[in-house]
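Take a look at the structure set out below.
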Amino acid sequence: MPLTRVLCYLHLDTLTTAPSFDPPQPLTDLGAIVRFTVAARCGAETGPETSLRFFIDTRLGCPAVADPAVEPDAAGLRLHWQPVEGAGHYEVLAYAAGDGRLLGRGETREPLFTLPGSGDGSAVAAIRPRCRDGYGPFAFAAY
C-alpha cells in the first residue's frame with residue numbers, strides 16, 4: 001500500500017497594532033510547517049516584507065502511552081495502558097491484521113477500551129493520547 005501524504009493549508013490574513021499575534025484556532029493537530037510574513041503599514045505606505053518559517057510537532061509534548069495490553073474480561077477483549085499525564089482523552093483504532101481493514105474506532109477518557117471482535121483472525125489495536133496541544137504518537141498491541 002503506498003504511503004499518502006496529506007497537505008492542508010490554513011491562510012490567515014490579519015492586521016494588528018500589537019507586536020504579537022495569537023491565531024484564532026490551533027495551527028495544527030499534529031505537525032506543520034508554518035510560514036509567516038510581516039510587513040509594517042504606516043498610513044498608506046507598506047514597508048518591506050519579512051518572511052520567517054518554523055516547525056510544529058505536537059507529538060513532542062504528548063508522549064505515547066506505555067504498556068498497552070489486551071486481556072479478556074466479561075465484556076470481551078479489553079485494551080488497557082498506563083495513563084499519559086496531560087492527556088484529555090485517547091483515540092483507539094482496531095485493524096484486522098490480515099488485510100488492514102478497520103474493525104472499529106472510538107475515544108475514551110479512561111485508560112481502557114473494549115475492543116471489537118477480530119472475527120477469525122488476528123487484529124492490532126492502535127492507541128494515541130490527545131493532549132492539550134495535539135495528538136501523541138501511536139502505540140500498538142496485537143490481539
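Numbering starts at 1 and runs along the sequence shown. As the structure is a prediction and not an experimental result, all values here were calculated from the model. Computed from heavy atoms alone, side chains included, the values below leave out hydrogens, waters and symmetry copies.
Closest approach of L79 and A141 over heavy atoms only: CD1-CB, 4.0 Å. When all heavy atoms of R35 and S51 are compared, the closest pair comes out as NH1-OG, 4.3 Å. For F140 against A126, the heavy-atom pair with the smallest separation is CE2-CB, 3.6 Å. Among all heavy-atom pairs drawn from A142 and V70, the shortest one is O-CG2, 4.1 Å. Between P63 and P129 the shortest heavy-atom distance is O-CG, 3.1 Å. Annotation for P68 and A139: closest pair CG-CB, 4.1 Å, computed over non-hydrogen atoms.
Cluster annotation: V34 and V38 are assigned to the same hydrophobic cluster (Ile/Leu/Val/Met/Phe/Trp/Tyr, side-chain heavy-atom contacts under 4.5 Å, transitive). Hydrophobic clustering of Ile, Leu, Val, Met, Phe, Trp and Tyr side chains at less than 4.5 Å, counting indirect connections, keeps V92 apart from Y135. Follow the hydrophobic side-chain contacts under 4.5 Å out from I127 and you reach V84 in the same cluster. The same ILVMFWY cluster, assembled from side-chain heavy atoms under 4.5 Å apart, contains both L102 and F138.
Residue L93 holds its CG atom at 10.5 Å from CG of L115, rounded to the nearest 0.5 Å. With values rounded to the nearest 0.5 angstrom, H80 atom NE2 is found 9.5 Å from D73 atom CG. To the nearest 0.5 Å, the span separating CZ on F54 from CG on L52 amounts to 9.5 Å.
Ion pairing between a basic and an acidic side chain is recognised when a charged N comes within 4.0 Å of a carboxylate O; R105 and E91 show such pairing. Remark: R78 does not engage E71 in a salt bridge, criterion side-chain N to carboxylate O under 4.0 Å.
Ring pair W81/Y90: centre-to-centre distance below 6.0 Å.
The disulfide bond (SG atoms under 2.5 Å apart) pairs that include a residue from residues 111-143 are C62-C131, where partners are two or more places apart or lie in different chains.
Under the 3.5 Å distance criterion, the side-chain polar atoms of R109 are matched with a main-chain donor or acceptor of G88.
Side-chain contact between V65 and R128: absent, with no pair of heavy atoms (C-beta onward) separated by less than 4.5 Å.
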